[in-house]
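Both ligands and their constituent atoms are indexed starting at 1 by order of listing.
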Amino acid sequence: MDSIGSAGLRQGEEALSYPEEGLPGPSDSSELVQECLQQFKVTRAQLQQIQASLLGSMEQALRGQASPTPAVRMLPTYVGSTPHGTEQGDFVVLELGATGASLRVLWVTLTGTEGHRVEPRSQEFVIPQEVMLGAGQQLFDFAAHCLSEFLDVQPVSKQGLQLGFSFSFPCHQTGLDRSTLISWTKGFRCSGVEGQDVVQLLRDAIQRHGAYNIDVVAVVNDTVGTMMGCELGARPCEVGLVVDTGTNACYMEEARHVAVLDEDRGRVCVSVEWGSFSDAGVLGPVLTTFDHTLDHESLNPGAQRFEKMIGGLYLGELVRLVLAHLARHGVLFGGGTSPALLSRGSILLEHVAEMEDPSAGAARVHAILQDLGLSPGASDVELVQHVCAAVCARAAQLCAAALAAVLSRLQHGREQQTLQVAVATGGRVCERHPRFCSILQGTVMLLAPECDVSFIPSADGGGQGVAMVTAVAARLAAHRRLLEETLAPFRLNHDQLAAVQAQMRKAMVKGLRGEASSLRMLPTFVRATPDGSERGDFLALDLGGTNFRVLLVRVTTGVQITSQIYSIPESVAQGSGQQLFDHIVDCIVDFQQKQGLSGQSLPLGFTFSFPCRQLGLDQGILLNWTKGFNASDCEGQDVVNLLREAITRRQAVELNVVAIVNDTVGTMMSCGYEDPRCEIGLIVGTGTNACYMEELRNVVGVPGDSGRMCINMEWGAFGDDGSLAMLSTCFDASVDQASINPGKQRFEKMISGMYLGEIVRHILLHLTSLGVLFRGQQTQCLQTRDIFKTKFLSEIESDSLALRQVRAILEDLGLPLTSDDALMVLEVCQAVSQRAAQLCGAGVAAVVEKIRENRGLEELAVSVGVDGTLYKLHPHFSSLVAATVRELAPRCVVTFLQSEDGSGKGAALVTAVACRLAQLTRV
Ligand code: 0WK
Ligand code: BGC
Ligand code: BGC
């Protein structure tokens, strides 16, 4: 028993049979015949075990669990939605691998929902065996040749053709047009293709052929084409089933269940690749000796075991092996055989389909067997039909068990008790085999009774579906091109950055000489960084950043800081100067009361983060407001005076304003207290600016040639003379136009936190108007100024944020988006912040190179004290700045020190130094 018919029924088990089998029991009921046919009988329990095991493997593979190796691959296909019929256009479709030794080229015209269906034009080409087993290049050259042969007879132009590539083999897809072949199946075994991107191989072949300019925009598995091509019935087809030479299915899985995709919403089409299902435990009992023989003699022994029991490439061979077995044992053809009966592959699917077709009649079967060199008797014909029926019934049942597993997965994935779904079916076994589909449907109903399944035969084997995916891919590719065109001006290369560095260097020298320059290079009267001998309590104010802070700074051997943040309402920042400074004094008084300092007149250092021409350490004429401040009657005034007047107005308050410093200077001093090599201060926050220790001999207008003085560059205004025009984009112009200081602070408006969000918003508006984003829907919120905060860039670009979280941020903004939209918004943010960081890096490179040359050094080691929300919070900004500095100033070793205490501490230290120096002059 076991030696011949180990497969099939166990003692007492009921085989699954089909009433409409329509074939009387074989008249020859010899034991051998029964045993043979019995082997192909599969029980309901076995089918349910296969269904359960396959479902288990599917869910294991979806979870990305690698060991034990899942029996099925579950390959995401980048097709995220079933067709919504709006696709339009003419597409070339190349089908390779679906129908065995032939490829098909189609010309498909999609007419969208309104238009009527246009019948695709197609041509089939037989692939020579030596091509299917030869070098990969030969196969793709053959495909390119067939393409042009087909197009030669079509009334089409040779240019701008878009092609969808239906490639019916297991592939890892990394994009709609990028797919790597995992392994050949179904009689193919070309060398040099496995592990390669088959789209690139086809593109290279088309290029080599050179007759047509064809853009391969999408590659899809034949099951996907079948599903996507399914006529829009009551329910969209969400499962694609193919049984042709091979077999496989795809279905729309919840994206959140596909571990390899960091998606939490929407669906993605997954190609199951159930052909490789080989759970020995459940398949073992079903595999017959004939299956083992077939597998052993196949091109890929041990692989695709499940497919080899279902696929049309193998059904004929299984029938041949059984017939040869029965003939050798004298129970068929009188024990006679023929060369055809003994040679592999001589019985084809078509033969089996015809021989099993009750309507074909015995005469047809007789004729087929005669063509195989056999002389069948009547009982032989009947027995042959039974063998065909047994082999095909089992194939249909096994296929049904697999499909039932997919349906159960759909139910699980959607947490639905019952499921209504349409399955698109394709492939010649489904189309041509008389009883395959009915047995399949009957068995599915048995195994998945809670699923209401409608089977929709694919109209054209998936050509339409492939064209649909190609149309979607073409649209996405066009969107990508528009996105790249839009972002290209933000991608600065080395030469452009070196030009900015050189421009800034020139402007620095001019500014130091007091010549016309967009860099004012303002002397700050800070001549030294702290030396650690400073001591005392100091008050400090920090105005100009995101927050206004009042600080008490106690300097002993270390520095203790007590501070409080106060808000500066926009109405005050843009009200009258008197109101602003009265508000500042109110905050100081409030702070003093809270700190029990009322009535004490501590030396005060005032960090005032705006461009001031300093006439002394405690005299600073405000040149112009920046960063959204615009208080009246301040520009051109000495702001220390404005503060003192406000103190005077608020009687009973005594404050000794000793120093006014820029936040860059405060930051340099604050970090210089820890690291004496810190001679540069950098702010990248609401605004941006830098200061550094310049040789006094180079500073015109300040007496003395020795020693150094800290220069506040006010680099935010760099380019206000038009020297940055070559880099400025239309989006920068829109942001500048809409600002309260158009034409001013151009460098700042390309870099700092107050503006990056707005640049992104303008780019998103532009891409929406092109239909690239948000399906072209302009939303109210996206037209709202400042709604896209710069902090969103930092959040969206954070590596730890999955795409789904990016989408959550954008949805909170009321933007209706898809995952492709979220990905594009991420790329826009990356482009804008990368340019900002590179420009900032080019600025720092100009400064460190100036210091190095000032000191005639081969190499310079210097530290930069940095502060500012954008620099501190953005996930990549600081590393991009450092990388740009290394690239543009390779002879400088630059250390960036993030300031922990802000520039308030720095202001206090400047005040402490001033007090110490004043002390020295007094003694
Ligand atoms: C914190 C400093 C302050 C500076 C600010 C800049 O203490 O002086 O103005 O950083 O960063 P922002 O707050 O503008 O992001
Ligand atoms: C391939 C699948 C394909 C199926 C039907 C199998 O051999 O691995 O990718 O979908 O055949 O053509
Ligand atoms: C101001 C600078 C300040 C910078 C950073 C710019 O807008 O002009 O003085 O250093 O912002 O806060």
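- A donor-acceptor pair shorter than 3.5 Å cannot be found between the side chains of E797 and H876.
- Using a 4.0 Å cut-off between heavy atoms, S609 contacts ligand 1 through its side chain alone, with no backbone atom that close.
- F169 carries K186 over the face of its six-membered ring, with the cationic atom under 6.0 Å from the centre and within 45° of the normal.
- Ligand 3 has P611 within reach: a non-hydrogen atom of the residue lies less than 4.0 Å from it.
- The T546 neighbourhood of ligand 1 comprises atoms 12 (P), 13 (O), 14 (O), 15 (O), with distances under 4.0 Å to a heavy atom of that residue.
- Each of S271, S166, C250 was evaluated against D222; a single residue qualifies, S166, per the side-chain contact (heavy atoms from CB on, under 4.5 Å) test.
- Listed by atom number, the atoms of ligand 1 under 4.0 Å from G545 heavy atoms are 9 (O), 13 (O), 14 (O).
- Close approach of ligand 3 to Q745 is summarised as follows: ligand atoms under 4.0 Å from at least one heavy atom of the residue are 7 (O), 8 (O).
- Contacts with ligand 3 closer than 4.0 Å are made by no heavy atom of N712, backbone or side chain.
- Salt-bridge annotation for R746 and D736: present, with a side-chain N of the basic residue lying under 4.0 Å from a carboxylate O of the acidic one.
- For the residue pair K744 and T626, no side-chain donor N or O sits within less than 3.5 Å of a side-chain acceptor on the partner.
- Close approach of ligand 3 to I683 is summarised as follows: ligand atoms under 4.0 Å from at least one heavy atom of the residue are 5 (C), 12 (O).
- Regarding atom 2 (C) of ligand 1, its nearest protein heavy-atom neighbour is D542 OD2, 3.4 Å.
- Per-residue contacts place S903 under 4.0 angstrom from the following atoms of ligand 1 (heavy atoms of the residue considered): 2 (C), 3 (C), 7 (O), 8 (O).
- When only modelled atom types and interatomic distance are considered, S102 and E124 share a side-chain donor-acceptor pair under 3.5 Å.
- Per-residue contacts place I683 under 4.0 angstrom from the following atoms of ligand 1 (heavy atoms of the residue considered): 6 (C).
- The backbone and the side chain of T686 each have at least one atom closer than 4.0 Å to an atom of ligand 1 (non-hydrogen atoms only).
- Atom CZ of R189 is surrounded by 12 or fewer heavy atoms from other residues, nucleotides or ligands within 6.0 Å.
- Using a 3.5 Å distance cut-off with no hydrogens or angles, the side chains of K749 and N741 do pair a donor with an acceptor.
- Near G685, the atoms of ligand 1 lying under 4.0 angstrom from a non-hydrogen atom of the residue are 11 (O), 12 (P), 14 (O), 15 (O).
- Taking a 6.0 Å sphere around CD of Q898, one finds it holds more than 12 heavy atoms contributed by other residues, nucleotides or ligands.
- The distance from ligand 1 to the heavy atoms of G902 drops below 4.0 Å at these ligand atoms: 7 (O).
- What sits closest to atom 11 (O) of ligand 1 on the protein, heavy atoms only, is G868 CA, 3.1 Å.
- Of the options L604, V657, T607, a side-chain contact (heavy atoms from CB on, under 4.5 Å) to L541 is made by L604 and by none of the others.
- Close contacts between ligand 3 and T688 involve ligand atoms 4 (C), 5 (C), 6 (C), 11 (O) [criterion: under 4.0 Å to a heavy atom].
- At a 3.5 angstrom cut-off on N or O pairs, T869 counts as close to ligand 1.
- Scanning the protein for heavy atoms near atom 4 (C) of ligand 1, the closest one is D663 OD2, 3.5 Å.
- The shortest N or O to N or O distance between N547 and ligand 1 is not below 3.5 Å.
- F788 and F792 have perpendicular rings, their planes meeting at more than 60° on a 0 to 90° scale where under 30° would count as parallel.
- Side chains of S183 and P170 form a contact here, defined as non-hydrogen atoms less than 4.5 Å apart.
- Side-chain atoms of T664 and T667 form no donor-acceptor pair, as typed in the model, at a separation below 3.5 Å.
- Close approach of ligand 3 to E714 is summarised as follows: ligand atoms under 4.0 Å from at least one heavy atom of the residue are 1 (C), 2 (C), 8 (O), 9 (O).
- For ligand 2, the 4.0 Å heavy-atom shell contains residues S168, F169, P170, T185, K186, N221, D222, T223, V242, G246, T247, N248, E273, Q304, E307.
- S903 and D663 share no donor-acceptor pair across their side chains, judged by distance under 3.5 Å alone.
- For the cysteines C237 and C230, the sulfur (SG) atoms lie within a distance shorter than 2.5 angstrom of each other.
- There is no side-chain donor-acceptor pair under 3.5 Å between S276 and E307.
- Ligand-side atoms of ligand 3 in range of G687: 5 (C), 11 (O), range being under 4.0 angstrom from any heavy atom.
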